[in-house]
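Structure record follows, encoded as structure tokens.
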There are 2 protein chains.
Amino acid sequence: MATGRTHRPATRSRGIPEATVARLPLYLRALTGLSERSVPTVSSEELAAAAGVNSAKLRKDFSYLGSYGTRGVGYDVEYLVYQISRELGLTQDWPVVIVGIGNLGAALANYGGFASRGFRVAALIDADPAMAGKPVAGMPVQHTDDLEKIISENGVSIGVIATPAGAAQQVCDRLVAAGVTSILNFAPTVLSVPDGVDVRKVDLSIELQILAFHEQRKAGEEAAVAEAAASAAAVVPPVRAAGSGRKGPDGDMPAVMPA
Amino acid sequence: MATGRTHRPATRSRGIPEATVARLPLYLRALTGLSERSVPTVSSEELAAAAGVNSAKLRKDFSYLGSYGTRGVGYDVEYLVYQISRELGLTQDWPVVIVGIGNLGAALANYGGFASRGFRVAALIDADPAMAGKPVAGMPVQHTDDLEKIISENGVSIGVIATPAGAAQQVCDRLVAAGVTSILNFAPTVLSVPDGVDVRKVDLSIELQILAFHEQRKAGEEAAVAEAAASAAAVVPPVRAAGSGRKGPDGDMPAVMPA
DNA sequence: CCATCTTTGTGCACGCGTTCACAAAGACAT
DNA sequence: ATGTCTTTGTGAACGCGTGCACAAAGATGG
């Protein structure tokens with residue numbers, strides 16, 4: 001993951017570990033739930049359980065923000081909600097544009113989770129002229145031609161890319177050129193961006209493939225060797241260097257690697 | 001030419017690092033692109049650039065799978081595609097169910113990336129009776145009542161949860177009870193599952209919040225101290241333990257913690 | 001057949017993140 | 001006020017992941 005950090009000796013040693021930052025939203029969500037149930041305080045143990053993490057990890061995470069707990073009691077829920085929100089920058093308004101209003105883009109536009117926490121969908125943008133003006137999630141889709149104008153007029157610094165893979169890099173370049181410095185990419189492509197621009201990637205296909213790997217291992221633990229042998233016999237793997245044909249004889253490498 | 005090729009006997013060390021597994025789909029995607037352009041071989045440097053990673057990291061990743069490269073030349077594209085596919089378990093068919101056919105669920109059902117690599121949407125399931133029978137992505141939505149039957153009849157071991165947060169845990173429990181052992185969760189909730197079940201989480205809101213954190217830092221680097229002071233003065237943070245009122249005097253903690 | 005050149009595979013060191021374990025801090029009861 | 005009990009905050013150890021740097025392997029050219 002590209003963390004694209006511009007190293008700067010910040011005013012204070014603002015070195016909150018990246019792993020901690022990634023968990024803060026998790027804590028915030030758990031705390032919000034407690035807040036709605038008017039729970040006044042919570043211990044690190046309880047909160048850690050709600051967030052699905054280790055309690056020691058949670059305490060260390062909070063220690064990077066400051067000493068917000070009370071020994072013997074726990075953490076004040078409301079106070080902690082405020083502190084984390086402020087640390088994450090959620091006390092301000094973040095206008096966001098979504099580019100690519102296909103199935104996924106429309107789903108994102110309708111997703112309530114955006115508006116819930118400081119994020120506001122400022123515009124929906126699509127390259128298809130037929131989409132222009134069409135309302136999605138109660139908001140007219142605008143054409144890509146106006147991308148730069150929309151970005152600058154709304155002061156957008158966060159962009160969401162939900163286009164097909166082929167268009168993603170081009171859209172990304174235009175977003176960056178127009179002033180966007182944070183991008184959430186749903187397109188299955190590696191985006192290249194200049195320093196100072198953050199990119200986070202959400203890739204459904206990759207997540208599934210990772211699950212498949214573990215699933216295969218789980219299944220293989222029962223009939224490990226037998227299954228591997230059968231599969232190797234059933235599926236014929238491509239012979240080494242079959243296409244090029246300009247290399248040495250293919251006898252130098254067995255067609256089927258030992259499984 | 002090969003003299004006596006000393007085949008490494010124990011390539012099957014089951015310990016492929018998790019970080020490596022997470023990158024294999026990335027390599028596979030880059031390799032597929034090369035394969036479609038009929039590129040016969042690729043060096044670690046080139047492939048690493050295409051996948052957006054360090055070349056040394058890529059070589060080390062591949063070394064966990066075995067010695068599939070040729071020194072002085074690089075890696076055979078077709079051969080590597082096969083090896084990674086096999087390692088990820090993509091040479092077999094993975095039936096998948098999607099539970100929760102709202103905006104996101106429908107988008108997932110329509111997403112071509114699923115079918116492209118061994119994954120097949122076996123069923124769409126929703127709790128709303130009005131949805132039952134309605135076609136989404138050319139497939140009739142089925143009711144939650146039949147969840148267990150669908151899982152067992154199709155031999156499904158991977159489930160995708162795209163329901164609202166409130167229903168996620170219940171759906172998860174039923175999936176697991178029915179035999180699902182891998183879950184991709186899009187609902188903004190922490191799922192608790194028994195040992196042996198893998199859960200991966202995709203959370204749009206969290207990704208945005210992480211971006212907001214970095215975005216705030218980038219903005220803060222220009223007018224760091226001034227901004228912090230102004231924001232602290234403008235926004236009044238909740239006084240410590242304001243709601244509970246049963247604790248000590250609130251003077252024991254400053255209303256604004258030092259930033 | 002030998003020399004040179006390219007590229008892999010990996011030993012090693014380093015830094016980050018996680019976890020344990022415990023002293024210090026504070027609430028609460030007496 | 002003093003003691004006990006709960007819970008935080010953190011020092012320290014450990015393990016994993018990353019990146020450097022280089023020797024070995026093999027292709028290529030003379």
Side-chain angles (χ1 to χ4, degrees), chain A residues 1-3 5 7 13 15-24 27 40-49 51-77 79-80 83 240-241 244-250 252-253, chain B residues 1-8 11 13 15-24 27 40-49 51-77 79-80 83 240-241 244 246-249 251-253 257:
Chain A
M1 194 91 228
T3 0
R5 291 194 132 227
H7 292 93
S13 52
I16 299 181
E18 191 61 31
T20 295
V21 173
R23 281 188 294 267
L24 289 182
Y27 302 144
T41 61
V42 65
S43 72
S44 65
E45 204 70 48
E46 294 167 327
L47 185 54
V53 302
N54 183 299
S55 70
K57 194 187 294 185
L58 179 142
R59 288 198 299 276
K60 180 146 288 191
D61 283 342
F62 285 175
S63 78
Y64 292 118
L65 308 184
S67 294
Y68 295 150
T70 305
R71 296 175 191 229
V73 175
Y75 299 90
D76 183 272
V77 172
Y79 190 67
L80 203 46
Q83 288 297 345
R240 194 104 206 296
S244 66
R246 59 167 183 76
K247 314 236 302 298
D250 47 15
D252 65 348
M253 180 73 77
Chain B
M1 180 89 57
T3 53
R5 277 203 36 94
T6 51
H7 244 286
R8 77 174 33 247
T11 308
S13 65
I16 298 182
E18 193 58 32
T20 295
V21 173
R23 280 189 294 267
L24 289 182
Y27 302 144
T41 62
V42 65
S43 71
S44 66
E45 203 70 48
E46 294 166 328
L47 185 54
V53 301
N54 184 299
S55 71
K57 195 186 295 184
L58 178 142
R59 287 198 299 276
K60 182 149 289 190
D61 283 342
F62 285 174
S63 78
Y64 292 117
L65 309 184
S67 294
Y68 294 151
T70 305
R71 298 176 190 229
V73 176
Y75 298 91
D76 183 89
V77 172
Y79 190 67
L80 203 47
Q83 288 298 345
R240 195 104 206 295
S244 67
R246 59 165 183 78
K247 314 235 302 298
D252 65 348
M253 180 72 75
M257 295 297 287

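First the proteins, then the strands, lettered A, B, ... as listed; each starts at 1. Keep in mind that the numbers below use all heavy atoms, side chains included, and drop hydrogens, waters and symmetry copies.
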Starting at atom CZ of B:F62, determine the distance to atom C1' of C:dG9, rounded to an integer number of angstrom.
-> 13 Å
Quick note, A:P17 side chain, CB onward, closest among C:dG17, D:dG26, D:dG17 is C:dG17
Of A:A56 and A:G72, the one whose closest DNA chain C nucleotide lies more 5' | A:A56
Does the gap between the ring centers of A:Y68 and A:F62 come in under 6.0 Å?
-> no
Just how far, in rounded Å, is C1' of C:dT8 from OH of B:Y79?
-> 16 Å
OP1 or OP2 of C:dG9 under 4.0 Å from side-chain N/O of B:Y75 = yes
Take atom NZ of B:K57 and atom C1' of D:dA21, then tell me their distance rounded to the nearest Å.
-> 17 Å
Identify the heavy atoms of B:S55 and B:A48 that sit nearest to each other, and give their distance.
-> CA-CB, 3.5 Å
Are B:R59 and D:dA21 close enough that a side-chain N or O sits under 4.0 Å from OP1 or OP2?
-> no
State whether A:S44 places a side-chain N or O below 4.0 Å from either non-bridging phosphate oxygen (OP1 or OP2) of D:dT7.
-> no
For the pair made of CG in B:L65 and C1' in C:dG9, what is the distance, rounded to whole Å?
-> 13 Å
Measuring from A:N54:CG to A:D61:CG, what's the distance to the nearest 0.5 Å?
-> 10.0 Å
Any donor-acceptor N/O pair under 3.5 Å between C:dG9 base and B:K60 side chain = no
Quick one: does B:R71 reach the base of C:dT8 with a side-chain donor-acceptor pair under 3.5 Å?
-> yes
Think A:S43 has a side-chain N or O under 4.0 angstrom from the OP1 or OP2 of D:dT7?
-> no
What's the CG-P distance between B:L58 and C:dG9, to the nearest Å?
-> 10 Å
Measure the distance from OH on B:Y64 to P on D:dC16 and round it to the nearest whole Å.
-> 10 Å
Taking all atoms of both residues into account, what is the closest heavy-atom pair of A:L47 and A:V42, and its distance?
-> N-CG2, 3.7 Å
Within this structure, what is the CG-to-C1' distance between B:L80 and C:dT8, rounded to whole angstrom?
-> 13 Å
Which whole-number value in Å describes the distance from A:D61 CG to C:dG17 C1'?
-> 10 Å
How many angstroms lie between OG1 in A:T41 and CD in A:E46, if you round to the nearest 0.5 Å?
-> 7.5 Å
Looking only at side-chain N and O atoms, does A:N54 come under 4.0 Å of OP1 or OP2 in C:dG17?
-> no
